[in-house]
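One structure below.
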2 protein chains.
Amino acid sequence: MSDAPRPTIADVARRAGVSKGLVSFALNDRPGVSPDSRERILEAARELGWTPSLRGRSLSTGRSFACGLVIGRSPDVIAADPFFHSFIAGLEDVFSTSGQILVLAAATPGRHETETYRGLASDRRVDGFVITDLRADDERIALVESLRLTAVTLGHPDIESPFSSVSVEDGAGIRSAVAHLAELGHRRIAHVAGPQTMLHARRRADAFTQAAAAASVEHVVVTTDFSAAEGAEATRTLLASDEPPTAIVYSNDHMAMAGLGVAQRLGIRVPLDLSITGFDDTELGRHLHPALTSVATDAREWGTVTARTLLDALAGADPIHVELSEPALIVRESTGPAPHPHPRGGSRD
Amino acid sequence: MSDAPRPTIADVARRAGVSKGLVSFALNDRPGVSPDSRERILEAARELGWTPSLRGRSLSTGRSFACGLVIGRSPDVIAADPFFHSFIAGLEDVFSTSGQILVLAAATPGRHETETYRGLASDRRVDGFVITDLRADDERIALVESLRLTAVTLGHPDIESPFSSVSVEDGAGIRSAVAHLAELGHRRIAHVAGPQTMLHARRRADAFTQAAAAASVEHVVVTTDFSAAEGAEATRTLLASDEPPTAIVYSNDHMAMAGLGVAQRLGIRVPLDLSITGFDDTELGRHLHPALTSVATDAREWGTVTARTLLDALAGADPIHVELSEPALIVRESTGPAPHPHPRGGSRD
DNA sequence: TTGTAAGCGTTATCAG
DNA sequence: CTGATAACGCTTACAA
């Protein structure tokens, strides 16, 4: 209850009968401390309940013991994305046991993404960054490099990068979805893609196009901003076309669920008249009717591996490129055999 | 490109021909600096591109210029909750323009919630906390107090608290939902509630019970953990009962959407046979079929007000209790007139 | 193996 | 109004 000032390294040194310097050495277990002294020092520290001051340490070492995650997407779009929470939990799994903390910054109306990076760096608030939602020709890589900090990117950049990366081959997930649908007899499949400025959205779209072409299936790609609203809109457009697809591969679960709503509204039965697949395998998707067939990635593992990789980079390790296990297609109820061609359209040409 | 060390306050002082102390005074615009000197000092700082070192400042003032948000819920439950992203965006709206940062910590399998608070505090990594998901008899209040830090709670605690709070009267939202349903002729309404250890979940449940009783409507409450899975399970139980409700008020949108899935699966038409309401007004709910009637709160505004309140508290303001504007019921398609009593059940007693 | 002393970049104190 | 000087709590040469 008393406002006793916390003990400092000097208190420990005095109590152990050694110098401050030696306490520091003992603490960071560096060579050159006799077992005897080390024991006495640790003992004294324990008795005093001393923990080294991060601030003192920070000032003298020039490190922050913190990593930054800047969220650039608009909060309205991101609010719906369950990926982040699981990913962040994964980061924390590692950071929390390594004395690191996670600084979360969001670009706001009054502050652009790059300013956010600059601010965190110029205040020396972080030692490194996690770069998510990699974009084509992503300026953040050169930015972080110029800031003399390190980073780990989620996915391989499409440009030269000095940083480690941790990737998931989500193209494989899309390919399984297309293969699954082709096997069910679908000959006209659409893809509702995310923004093509985002590398992973583009990679999924490319994988879709290639897989569909390889399976000799007619295909279309519609681009969206990943939101439920645009997912719904894209679905309406597709279903209203002259030759509507019999299956739609969505680039995330939210758009797939919104698409399901659109289909139901039009009286189109899923999966009888239309098959749909999602991406992310969200909990909610499993409880809709029909339950959503979706590509499952392990966001939490992605987080732990990313954190470890960043810590290694901070410790001076050479850049590495980690490839996580391939995402798996979880088949549920929203995909089924292609409908017979008779009932709808098609007699026009 | 050269590794020039960044300028320090001493450099600025030298260049301006004054002492370090005066530079500090000028910077923090404190009285006792002649306009002339101040101008010279700011000029010198600008020329040198000097920014005060947060670390030096931190060591000397004992402040961190950071606030912490500890997430205690399991990531699997929270991953689905869109509230957090919008709320965090709101916090950032304010923090980003106040030189504060947000430290996000998650309780992990290896580290309990209280240890997380303790760790952040003992490392002096934050000056204050945002306490979310307030629980009955919440230990975190005494904890933060004993840590000699400040905090802002989301909602009023049910115990004595020295901290400011920012609340939304979500009971009002639930009451509108019940009133809306009663007006539509529903005489048997259920509530799928969140964990009753969480104050806001309990408040919603209480509001439900009172409103239903006041409207002389039969009512039941089923408790869940807020997840889609338990929301679905609760719905199955309710619909399988001898006297199933004709309307269900869910404590969040995710459970409502899962409940909708369950109803559809059972061939129960919404809103013809069953009306449902959600809470949060998520984007996705708007795109389902039927579009979800839901209670809308402004999470982002909650964030900005919370951040401002916390900043005030850090500046030494007396605790205040802010009440945000009442949430509004957004009526969409998932609620409709109560079904006629004939078709289902009811002829048994 | 250990002690000494000089930083790290602020803010605070207190005579001028 | 000014300007030394001393904290703040640590790390790290350099000496001993």
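Lettering of chains follows the sequences in order, A, B, ..., and the numbering in each one begins at 1. Note that the structure is a prediction, hence the values are computed from the model and not measured.
In this structure, the side chain of A:Thr297 does not engage the main chain of A:Ala299 through any donor-acceptor pair within 3.5 Å. Of the possible polar contacts, none joining the A:Arg300 side chain to the A:Asp93 backbone as a donor-acceptor pair under 3.5 Å is found. For the pair B:Arg140 (side chain) and B:Thr132 (backbone), a donor-acceptor distance under 3.5 Å is present. No donor-acceptor pair under 3.5 Å is formed between the side chain of A:Ser37 and the backbone N or O of A:Val33. Proximity of a side-chain donor or acceptor of A:Ser64 to a complementary backbone N or O of A:Arg124 within less than 3.5 Å is detected. Side-chain atoms of A:Asp127 do not come within 3.5 Å of backbone N or O of A:Cys67 as any donor-acceptor pair. At least one donor-acceptor pair under 3.5 Å links the side chain of A:Ser58 to the backbone N or O of A:Arg63.
For A:Asp36, the salt bridge (charged side-chain N to carboxylate O under 4.0 Å, His left out) test picks out A:Arg40, with sequence neighbours left out. Residues passing the salt bridge (charged side-chain N to carboxylate O under 4.0 Å, His left out) test with A:Arg46, sequence neighbours excluded: A:Glu43. For B:Arg55, the salt bridge (charged side-chain N to carboxylate O under 4.0 Å, His left out) criterion is met by no residue, not counting sequence neighbours. In this structure, B:Phe95 has no ring pair (Phe, Tyr, Trp, His ring centres under 6.0 Å) partners at least two apart in sequence or on a different chain.
DNA chain D is contacted by no residue of residues 34-41 of chain A, taking any non-hydrogen atom closer than 4.0 Å. Near DNA chain C, meaning a heavy atom under 4.0 Å away, there are no residues from residues 117-129 of chain B. Within residues 42-63 of chain B, the residues approaching DNA chain D are B:Leu59, B:Ser60, by heavy-atom distance under 4.0 Å. Of the residues in residues 13-22 of chain B, those placing a heavy atom less than 4.0 Å from an atom of DNA chain C are B:Lys20, B:Gly21, in numerical order.
Across the helix from C:dT1-D:dA16 to C:dG16-D:dC1, the helix axis at one end is tilted relative to the axis at the other end by 40° (nearest 10 degrees, each axis from five pairs).
Straight-line distance from the CG atom of B:Asn28 to the C1' atom of C:dG9: 13 Å, rounded to whole Å. Atom CG of B:Leu27 and atom C1' of C:dT11 are 11 Å apart (whole Å).
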Side-chain donor-acceptor contacts of residues 304-313 of chain A below 3.5 Å, not counting sequence neighbours, with atom names and distances?
from, atom 1, to, atom 2, distance (Å)
A:Thr304, OG1, A:Glu301, O, 2.9
A:Thr306, OG1, A:Trp302, O, 2.6
A:Thr309, OG1, A:Val305, O, 2.7

Exercise answer: donor-acceptor pairs, residues 7-27 of chain A side-chain atoms, under 3.5 Å, sequence neighbours excluded:
from, atom 1, to, atom 2, distance (Å)
A:Thr8, OG1, A:Ala10, N, 3.1
A:Asp11, OD1, A:Arg14, NH1, 3.3
A:Asp11, OD2, A:Thr8, N, 2.8
A:Arg15, NE, A:Glu47, OE1, 2.7
A:Arg15, NH2, A:Glu47, OE1, 2.7
A:Ser19, OG, A:Leu22, N, 3.4

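Contact annotation: the side chain of A:Ile141 approaches that of A:Pro162 to within less than 4.5 Å [non-hydrogen atoms, C-beta and beyond]. Taking the side chain as every heavy atom from C-beta outward, B:Val152 and B:Phe163 never approach each other to under 4.5 Å. Inter-residue side-chain proximity for B:His112 and B:Arg118 is flagged as unmet; no heavy-atom pair is nearer than 4.5 Å. Proximity of B:His200 to B:Asp133: side-chain heavy atoms (C-beta onward) are separated by under 4.5 Å at one or more points.
In the 5' to 3' direction, nucleotides of DNA chain D lying under 4.0 Å from heavy atoms of chain B begin and end at D:dC1 to D:dG9.
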